[in-house]
Amino acid sequence: MKVLYFAWLRERLNRASDEIDPPAEVKTLADLVHWLRARDEALDIAMANPALFKLSRDARIVSPDTPIAGAREIAILPPMTGG
Amino acid sequence: MIRVTADPFDPGLNANRFQAESEGAGAMVTFTGIVRSTPDRPITALVLECYPALAEHELAEMRDRAIVRFGLIDAAITHRHGRLLPGDTIMQVITLAPHRRAAFEGAAFLMDYLKTDAPFWKQEETENGLEWVAAKSEDDAARGRWS
């Protein structure tokens, strides 16, 4: 599964995406964020306030308790500034 | 009509076409967002990053919600991404309704949602480099008034 990073989060990590294979105990998007932060200090610091970020599963915004099973593309979205 | 594009577009032409294609509307409101450079904060460009697959879906959902909530006949959103210059059109919202109040309110609703819920991220380019535009709490407050 792929994880996408956008805007200043992408810049802080120096990459736009990761190809990941999380262990079976990582069941939801919240679990996944927790797991990703534990293995990457830059992401951990950038997401110090996780409530700021929206999450998407296969290009649909979903809540953190959404399961990740079967997902192809997860995205971590910093606060948006469109319009 | 929902369009997420890196290409420039003509908001006047857009509005005239959208009006011509609709039937039964008594009011049309258009809002056009323009890249702004001011003397106290001069910028050379505005660079918009986007997640296109999500943006198209989110904009279509917002449009559908506005149509139901305000009884619109139709609504259109066009949003650019990429590097834009001062004076360039960033985005446009058009609402068509039987009467003016619904058209105005529908457009305001869409604008408030676009600011906080559409996956675009702005960077201001100045002579010192690029700087991310911070999300504004007043934009969250403006969106909050509709819930």
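What you see is a predicted model; the values in this text were computed from it and never measured. Note on naming: letters A, B, ... go to the chains in the order of the sequence lines (proteins, then strands), and numbering restarts at 1 for each one.
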Discussion item. Surrounding CG of A:D21 (heavy atoms of other residues, nucleotides or ligands, distance under 6.0 Å), is the total greater than 12?
Written reply: no
Worksheet entry | Pairing residues for B:E61 by the salt bridge (charged side-chain N to carboxylate O under 4.0 Å, His left out) criterion, not counting sequence neighbours | none
Item to complete: Indicate, with yes or no, if A:I74 and A:F53 share a hydrophobic cluster defined by side-chain heavy-atom contacts under 4.5 Å among Ile, Leu, Val, Met, Phe, Trp and Tyr.
Response: yes
Worksheet item: Is it the side chain or the backbone of A:I61 that comes within 4.5 Å of chain B heavy atoms, both, or neither?
Response: both
Worksheet entry | Atom group of B:I90 that falls short of 4.5 Å from chain A, counting heavy atoms | side chain
Item to complete: Sort B:A53 into side chain, backbone, both or neither according to what part of it lies under 4.5 angstrom from a heavy atom of chain A.
Response: both
Fill in: Same apolar cluster: B:F18 and B:M111, side chain cutoff 4.5 Å
no
Fill in: Student check: side-chain heavy atoms of B:W121 and A:M80 closer than 4.5 Å
yes
Discussion item. Hydrogens and angles aside, do B:W132 and A:E11 bring a side-chain donor and acceptor to less than 3.5 Å of each other?
Written reply: yes
Discussion item. I'd like to know if the side chain of B:H79 and the backbone of A:G82 have a donor-acceptor N/O pair within less than 3.5 Å.
Written reply: no
Worksheet item: Should B:Y51 and A:E73 be marked as a side-chain contact (heavy atoms from CB on, under 4.5 Å) after you check the CA-CA gap, both sets of side-chain angles, and the distance that decides it?
Response: CA-CA 12 Å; B:Y51 181 7; A:E73 188 174 276; 2.5 Å; yes
Worksheet item: Contact part of B:Q123 toward chain A, heavy-atom cut-off under 4.5 Å: side chain, backbone, both or neither?
Response: side chain
Item to complete: Could you state whether A:V3 and A:L9 fall into the same hydrophobic cluster, counting links through intermediate Ile, Leu, Val, Met, Phe, Trp or Tyr residues with side-chain heavy atoms under 4.5 angstrom apart?
Response: yes
Worksheet item: Can you say whether B:E58 sits under 4.5 Å from chain A via the side chain, the backbone, both, or neither, judging by heavy atoms?
Response: side chain
Item to complete: Please report the shortest heavy-atom distance between B:D117 and A:K54, naming the atom on each side.
Response: OD1-NZ, 3.7 Å
Worksheet item: What heavy-atom pair brings A:A59 and B:L54 nearest, and what distance separates the two atoms?
Response: O-CD1, 3.3 Å
Item to complete: Check whether any side-chain heavy atom of B:E49 lies under 4.5 Å from a side-chain heavy atom of A:R10, and answer yes or no.
Response: yes
Practice prompt. Consider only side-chain heavy atoms of I, L, V, M, F, W and Y, link residues closer than 4.5 Å, and tell whether A:W35 and A:L4 are in one cluster.
Written response: yes
Practice prompt. Enter the distance from B:D139:CG to A:T81:OG1 here, rounded to the nearest 0.5 Å.
Written response: 9.0 Å
Worksheet item: Checking B:A55 against chain A: side chain, backbone, both or neither under 4.5 Å from a heavy atom?
Response: neither
Discussion item. Is there a path of hydrophobic side-chain contacts, each under 4.5 Å between heavy atoms, that joins A:I76 and A:V26?
Written reply: yes
Worksheet entry | A:E41, CD: over 12 other non-hydrogen atoms inside 6.0 angstrom | no
Worksheet item: Got a sec: does the CZ of B:R145 have more than 12 other heavy atoms crowding it under 6.0 Å?
Response: yes
